[in-house]
Amino acid sequence: MVAAFCAVVLHQCVYVDFEQQRVRVIRGRRADSQGTVIIQLGGLSELAGQPAALVFRLANERAATRVVRVAVGDKTVDEILLPGNRVTRVDLGLPTDSAQSAGQILTLSSDGDEWLLEFLQISNVHGSSRGAFEFVVAPASASASDRPGGLPSLVLFAVLLMSPAIPGTFENRYVRRVHRVLASLFLLFLTTVLIAPWLSDFAVLLAAHTFGLCVAVIYAQTLLFFAIAVVRVARDAIPRIWAQLGRRRILLLYVATVVLFATSIARLYEPENGMTVLIRFGGLLEDQRLPAVRAIPRSIEEGSIGYDGQFYAQLAVDPLLRDPALGEALDAPAYRARRILFSWTAFLLGLGQPRWILQAYAIQYVVFWLLLAWVLCRWFPPTDLRNLARWLGCMFSHGAIISVVAALPDGPGMLLLAASILAIEGGRVRRSAGLIGLAGLAKDINLFSSAVLLAPGSLKRYGWRDLFIWGLMVAGPLALWMLFVAGRLEFDSIGGGGNFGVPFAGYLENWSLTLAALRDEGWDSYYRLSLYAMIGLTTQTAALLVLRDWRNPWWRAGMGSVVLMAALGPAVWEGVPGAATRVLLPMTFAFNFVLPRNRWFWPLWVLGNLSILPALEILRVPFWYYI
């Protein structure tokens, strides 16, 4: 009986996804006019074909009880008893055709005056909850459009039919009693959900994971039995399989994470627009686009201003800055134009054809991520779990992932930094300086990483002449390019003024905003992702300051970002999380390089790499919802 009951609830009352639609009809209070309030119901196309809920609040300013008649068109929906000197919330079901027809009139009439309509909303739900126990309260005739279907219900029935439910066989009598009480309560809840439409004007629809929680409690004894069996099998089998794999087992984990990244990116592909979804063109800026870009089919975020990659992609179409329309197409012409390197690579890969250039611009960031993942294996070979953890902390940090999914130059800049450090380790300092100068053309703040050139004893070993040459190689390419930009574009400032501010002011302000938002909105707020990033960046900074190692070029590169972090302004910190995770990407890499191989490794790794969690949310990995 319990198995059949659960299968029926799954079929009738469970949804995989329920899109809530709410239309606020009035703003502010409406007083009655001779005992009547008339509202025109318009703009309800979102609710067409759905049972609609009419939710409103009435305030009776007199001591006498009023009776308010509610009518839509010429149909009386209900009569409401309005107690004196009270505000009353009213939930009614609205006829379906009322939500389909524009221009319907809602009339509230009473046998007296001095009452107010304070709030009026029409939606497809009366209320809802979120979290582990998620459900919606809808009009009685409502049903979930995205239901699991008949086959899952039959499978559930067959599985549960073979499993004991409430009686159970827990050996401890106290555990047995607690389970019976909890299982009875959950059964009563599911019974209420099932019969609610027949006994009231409301239907209760459960989220799939909430229904799963109810069934898990009811069948807890069976689940525990199977869990123990699985653990026993795994305890015997996993060590044996792990030993048989030998050194290949870590390599398989590396491969699995790369596959996870590749499949997550591949899901973004659009047949008509290719991978231009990564560029994030904003629909609100379409009138300002370069004509050559506007004519190309591409993914557009309607109702959004988009993100920074859209400006660099337009530069890729005209990297010589010849089109006068660039002044209007770029939000900050001088600021964007000086970050030209990967616009040039896209232009060359796209063979100068605008349509190909946009695709090349987006795809190159995926390729650079894969190349960087391969290069890092030189320092973190697939030999143990700690190397895997360091590699993951770099490649799946929020800064590295957002550089791919928003087509930004920070990630490829790290590839150039890694190449420059390889040159340093090989004794080729001038090559390293040239690579850092090239990275400066990708993003000017990459020049903060030039500290990698200053190994202990550099002055004694090379002298001032070599240091001067390195300085020219580092700063020269960007300086020459900016002279070219100044001759091509008209601009009032070099841009990026909001990127810097009073030391630590932006950092502290972002901490304050994040904690205040979590306090006001709760853990469901997206500001929890900002909290992860802030804890990670703070831990990285503290670790680099404590674990000083001037001989390590990665530590020297990371300290450049520590200095930069202190000066970052509000424009970099704002967002959930903000741009700081990618701007300070060298610090994230350096942190994972200097982690000590002692008992502090794992606690520091967890705290310092919490930005992996918002990165997984961006990638929409299968379990991202629970992050």
Side-chain angles (χ1 to χ4, degrees), residues 268 270 272-365 402-410 412 441-445 481-482 484-499 569-572 574-576 578-579 582-583:
L268 300 176
E270 298 174 352
E272 295 181 358
N273 303 315
M275 295 302 295
T276 57
V277 65
L278 298 179
I279 302 176
R280 298 182 64 178
F281 286 103
L284 297 179
L285 301 182
E286 276 303 289
D287 292 340
Q288 304 171 24
R289 293 275 178 258
L290 287 180
V293 174
R294 198 183 304 132
I296 300 171
R298 60 205 147 75
S299 179
I300 299 174
E301 296 181 357
E302 298 295 344
S304 167
I305 62 172
Y307 206 53
D308 295 1
Q310 63 186 322
F311 304 116
Y312 304 126
Q314 292 180 92
L315 281 171
V317 174
D318 183 21
L320 288 175
L321 316 179
R322 292 173 296 188
D323 192 336
L326 276 173
E328 185 179 358
L330 305 180
D331 61 339
Y335 176 71
R336 301 300 179 189
R338 67 175 178 253
R339 300 176 174 185
I340 195 64
L341 179 61
F342 296 110
S343 296
W344 264 110
T345 58
F347 178 83
L348 296 174
L349 291 170
L351 303 178
Q353 302 299 312
R355 188 185 184 105
W356 297 354
I357 289 170
L358 292 188
Q359 297 297 333
Y361 180 81
I363 295 171
Q364 68 178 344
Y365 292 98
I402 193 65
S403 298
V404 178
V405 299
L408 296 167
D410 305 84
L441 287 173
K443 195 167 186 177
D444 42 353
I445 61 173
W481 176 252
M482 284 305 298
F484 176 81
V485 171
R488 287 286 189 177
L489 297 178
E490 295 182 4
F491 48 86
D492 299 328
S493 67
I494 61 173
N499 290 347
V572 180
E574 66 184 9
V576 186
R582 56 184 176 85
V583 171

Quick one: pull up CG in Asn273 and CD1 in Ile300 and give me the separation to the nearest 0.5 Å. 8.0 Å
Shortest non-hydrogen contact between Gly350 and Ala360, atoms and distance: N-CB, 4.1 Å
Salt-bridge test for Arg582 and Asp308: reply yes if a basic N is under 4.0 Å from a carboxylate O, no otherwise. yes
Would you check if Pro412 and Tyr365 make a side-chain contact, meaning some heavy-atom pair closer than 4.5 Å? yes
Closest heavy-atom pair, Gly352 versus Pro354, reported as atoms and distance to 0.1 Å, is O-CD, 3.5 Å
Step through the shown structure and confirm whether more than 12 heavy atoms of other residues, nucleotides or ligands are within 6.0 Å of CZ on Arg294. yes
Start with the C-alpha distance between Ile363 and Leu278, add both sets of side-chain angles, then the distance that settles side chain to side chain contact (heavy atoms under 4.5 Å, CB included), and finish with yes or no. CA-CA 8 Å; Ile363 295 171; Leu278 298 179; over 6 Å; no
For the pair Arg298 (side chain) and Val293 (backbone), establish whether a donor and an acceptor sit closer than 3.5 Å, ignoring hydrogens and angles. yes
Rounded to the nearest 0.5 Å, how far apart are CD1 of Ile279 and CD of Gln359? 7.0 Å
I'd like to know if the side chain of Ser299 and the backbone of Thr276 have a donor-acceptor N/O pair within less than 3.5 Å. no
Kindly give the heavy-atom pair with the smallest separation between Pro319 and Trp481, and that separation in Å. O-CH2, 3.5 Å
Before you tell me yes or no, could you show the steps for Arg338 and Val485 under side chain to side chain contact (heavy atoms under 4.5 Å, CB included), namely the whole-Å CA-CA distance, both residues' side-chain angles and the distance that decides it to 0.1 Å? CA-CA 7 Å; Arg338 67 175 178 253; Val485 171; 5.5 Å; no
Check Ala325 against Pro291 and note the closest heavy-atom contact, atom names and distance. CB-CD, 4.3 Å
Answer yes or no on whether Arg289 is positioned over the face of Phe281, meaning its NZ or CZ is under 6.0 Å from the six-membered ring centre and within 45° of the axis. no
Can you tell me if CH2 on Trp344 sees more than 12 non-hydrogen neighbours from other groups inside 6.0 Å? yes
So, the side chain of Gln314 versus the backbone of Leu290: is there a donor-acceptor pair under 3.5 Å, distance only? yes
Exam field: side chain Tyr312 to backbone Ala407, donor-acceptor pair closer than 3.5 Å: no
Of Asp318, Ile340, Val317, Ile357, the residue whose pairing with Phe347 passes side chain to side chain contact (heavy atoms under 4.5 Å, CB included): Ile357
Hey, what do you get for CZ (Arg336) to OG (Ser343), rounding to the nearest 0.5 Å? 11.0 Å
At what distance, to the nearest 0.5 angstrom, does CG of Asp323 lie from CZ of Arg488? 11.5 Å
Could you give the distance from CG (Leu341) to CG (Leu315), rounded to the nearest 0.5 Å? 12.0 Å
More than 12 heavy atoms of other residues, nucleotides or ligands under 6.0 Å from CG of Leu320: yes or no? yes
Quick one: does Gln310's side chain have a donor or acceptor within less than 3.5 Å of a partner on Tyr307's backbone? yes
Using only atom types and a distance under 3.5 Å, with no angle test, would you say the side chain of Gln288 pairs donor to acceptor with the backbone of Leu330? no
